[in-house]
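Below is one structure, written out as structure tokens; comments come after it.
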Amino acid sequence: MHDIRLIRESPERFKKGLERRGIEYDINRLLELDEERRKLIQEVQELKEKRNRLSKEVAELKRKGENATQIIEEVRGIGDRIPELETKTDEIERKLYEELISLPNIPHESVPDGKDENDNVTVITWGETRKFNFEPLPHWELGERLGLFDPRRASKLAKSRFVMTYGSMAQLERALVNFMIDIHVKKNGYREVLPPFLVNEDSMFGTGQLPKFKDELFWVERDNLYLIPTAEVPVTNIHRDEILAADELPLKYVSYTPCFRREAGSYGKDTKGLIRVHQFNKVELVKFSLPETSYEELESLVKDAASILEALELPYRVVLLCTGDLGFSSAKTYDLEVWLSSYNNFKEVSSCSNFEDFQARRANIKFKRDKKSKPEFVHTLNGSGLAIGRTVAAILENYQTKNGEVEIPEALRPYMDGLKKITAQV
RNA sequence: GGAGGGAUGGCCGAGUGGACGAAGGCGACGGUCUUGAAAACCGUAGCGGUGAAAGCCGCCGGGGGUUCAAAUCCCUCUCCCUCCGCCA
């Protein structure tokens, strides 16, 4: 959400920011509403001031036992006008608010201009993509042939786009969760948190999923709760409506949760395997930062996420999203993409973003530089560290052997009871 | 699901429609004292809006109402707690 005062101060900057996202927006509408709102507020304030003053006189007279009917009559007239003006003010404020919450964040200056994902910029490529001396299988075929991947029965249990794994493939998933959390806690200095998987409307609003992206969410109507689409939602909202101390920043959390996404409008895309499903596991990194260091924090967030891929020796690249591909709440985003032979391409396993104060303003998360100073909004950041299902897919495809088995990356073996290879029905 | 009880500042906790942004305590911060610390004593402190500023306005869970005037009265919603039932 945007700050109307900043827009008022530098409307051109704001307008250009939206234009970079390809949004033509009539900014004057905002400025007019703002103007009108402030005029009304001042008028109401003056009336209230008068009413308060006269009411005090009434109290004074009554205490002395004197007659106050004359003043009471006078104040009554003022009192009648106030609700009228307040209704008008509320109406305008509502309109202004609706506008402000519906506009996406402004891209950071370092974000390249572009129309869509084709204009994204690759900034790092790491590792060699594997050359196979046999025809490699996609991960879903590997999994099914091994008898460890069962999307058909998962559809029977729930619906299509749900998946199920058995045995060492299920264990691999669980191992990856522990492996990733351990690294982020022990090496990267994050604090582990296990949050609720269902959250209320306020939380969904705070991180920007509501009201715009309701169709993407699973909703439990009876209790008016939403299944989280990412741990970003509960974890960022941990500090909703709080004022933090500057010396406790940055706050760094790591969180494992399942994620639930309706994937509305993605019919026919990535229909096979673990790439696009309604429920998947993810380890998420969330930071609360000082405004002046948030872009350094973004860089280290990317490194933290990438350290997992390096530990697993999976080839990846880091892509800087262009203005046209940037998410609604983000000011700057790097995607980490892992090599998948089935796609003959890199596929996103992590998305690391700096939201600046966009979410903090929605969720009302502030900090104070010291006791006396005025509260300011923090900057929030998050990134997957990593998406588990897609990492499983990447391990299967990158570590497959000629006979359709899968080697387990060295670093992961301690988490797999020392198992070196996934074989049929294990 | 049934019955009852609550929601006041960072925390605890008073509050008779008018002197209440709100007693008192704890905690916090600054100072005095001290070699240092503790104790004691003195002092300072909420959030938002509006305004160039002084100031003004609003905020006692949310929303609405009564009144010249609401933390206080009325309506409504939400959340929390206790007991019973169910349950990993």
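Each chain gets a letter, A, B and so on, in the order the sequences are listed, and its residues count up from 1.
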Quick check on [N]: is either OP1 or OP2 less than 4.0 Å from any side-chain nitrogen or oxygen of [X]?
{"X": "A/R37", "N": "B/U50", "result": "yes"}
{"X": "A/K366", "N": "B/C47", "result": "no"}
{"X": "A/R51", "N": "B/A70", "result": "no"}

Nearest heavy-atom pair of [X] and [Y]: which atoms, and what distance?
{"X": "A/S353", "Y": "A/L298", "result": "C-CD1, 3.8 Å"}
{"X": "A/A411", "Y": "A/A311", "result": "CB-O, 3.5 Å"}
{"X": "A/V111", "Y": "A/C322", "result": "CG1-C, 3.9 Å"}

Exercise. What do you reckon, are the aromatic ring centroids of A/F288 and A/H379 less than 6.0 Å apart?
Worked result: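 No, too far apart.
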Nearest-angstrom distance, [atom1] atom, [N] to [M]:
{"N": "B/A69", "M": "B/U16", "atom1": "C1'", "answer": "16 Å"}
{"N": "B/U72", "M": "B/G21", "atom1": "P", "answer": "13 Å"}
{"N": "B/C79", "M": "B/G31", "atom1": "P", "answer": "46 Å"}
{"N": "B/A28", "M": "B/U66", "atom1": "P", "answer": "46 Å"}
{"N": "B/G46", "M": "B/U8", "atom1": "C1'", "answer": "13 Å"}
{"N": "B/C74", "M": "B/G1", "atom1": "P", "answer": "28 Å"}
{"N": "B/C57", "M": "B/A40", "atom1": "P", "answer": "40 Å"}
{"N": "B/A39", "M": "B/C20", "atom1": "P", "answer": "32 Å"}

Nucleotide [N], atom [atom2] - distance to [atom1] of [X] in whole Å:
{"X": "A/F377", "N": "B/C47", "atom1": "CZ", "atom2": "P", "result": "13 Å"}
{"X": "A/N364", "N": "B/G49", "atom1": "CG", "atom2": "P", "result": "10 Å"}
{"X": "A/D241", "N": "B/G61", "atom1": "CG", "atom2": "P", "result": "15 Å"}
{"X": "A/E242", "N": "B/G10", "atom1": "CD", "atom2": "C1'", "result": "11 Å"}
{"X": "A/L54", "N": "B/C68", "atom1": "CG", "atom2": "P", "result": "13 Å"}
{"X": "A/D80", "N": "B/U66", "atom1": "CG", "atom2": "P", "result": "10 Å"}

Exercise. Does NZ or CZ of A/R362 lie under 6.0 Å from the centre of the six-membered ring of A/F205, at an angle within 45° of the ring axis?
Worked result: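 Judged by the rule (NZ or CZ under 6.0 Å from the ring centre, within 45° of its axis), A/R362 counts as positioned above A/F205.
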Seminar exercise, completed: Its dot-bracket string being built from Watson-Crick and G-U pairs below 3.5 Å, with | for another strand and [ ] for crossing, RNA chain B has the pattern ((((((((.[[[..)..(.....]]].(((((.......))))).(((((....))))).[[[[[..)....]]]]])))))))....
Sugar-phosphate, base or nothing in reach of [X], heavy atoms under 4.0 Å:
{"X": "A/N52", "value": "sugar-phosphate"}
{"X": "A/K48", "value": "sugar-phosphate"}
{"X": "A/R361", "value": "nothing"}
{"X": "A/K39", "value": "nothing"}
{"X": "A/R53", "value": "nothing"}

Exercise. Quick one: does A/E337's side chain have a donor or acceptor within less than 3.5 Å of a partner on A/Y316's backbone?
Worked result: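 No; judged by distance alone, with no hydrogens or angles, the pair does not exist.
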For this session: Determine yes or no for a side-chain-to-main-chain donor-acceptor pair under 3.5 angstrom, with A/R390 supplying the side chain and A/I275 the backbone.
Result: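 Yes.
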Exercise. Closest to the A/R5 side chain: B/C68, B/G1, B/G49?
Worked result: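 Of B/C68, B/G1, B/G49, B/G49 is nearest to the side chain of A/R5.
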Exercise. Taking for each residue the nucleotide of RNA chain B with the nearest heavy atom, is it A/E73 or A/E49 whose nucleotide lies nearer the 5' end?
Worked result: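 With A/E73 and A/E49 compared, the 5'-side residue is A/E49.
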For this session: With sequence neighbours left out, write down each residue that passes salt bridge (charged side-chain N to carboxylate O under 4.0 Å, His left out) with A/E296, or none if nothing qualifies.
Result: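 Partners of A/E296 under the salt bridge (charged side-chain N to carboxylate O under 4.0 Å, His left out) test: none.
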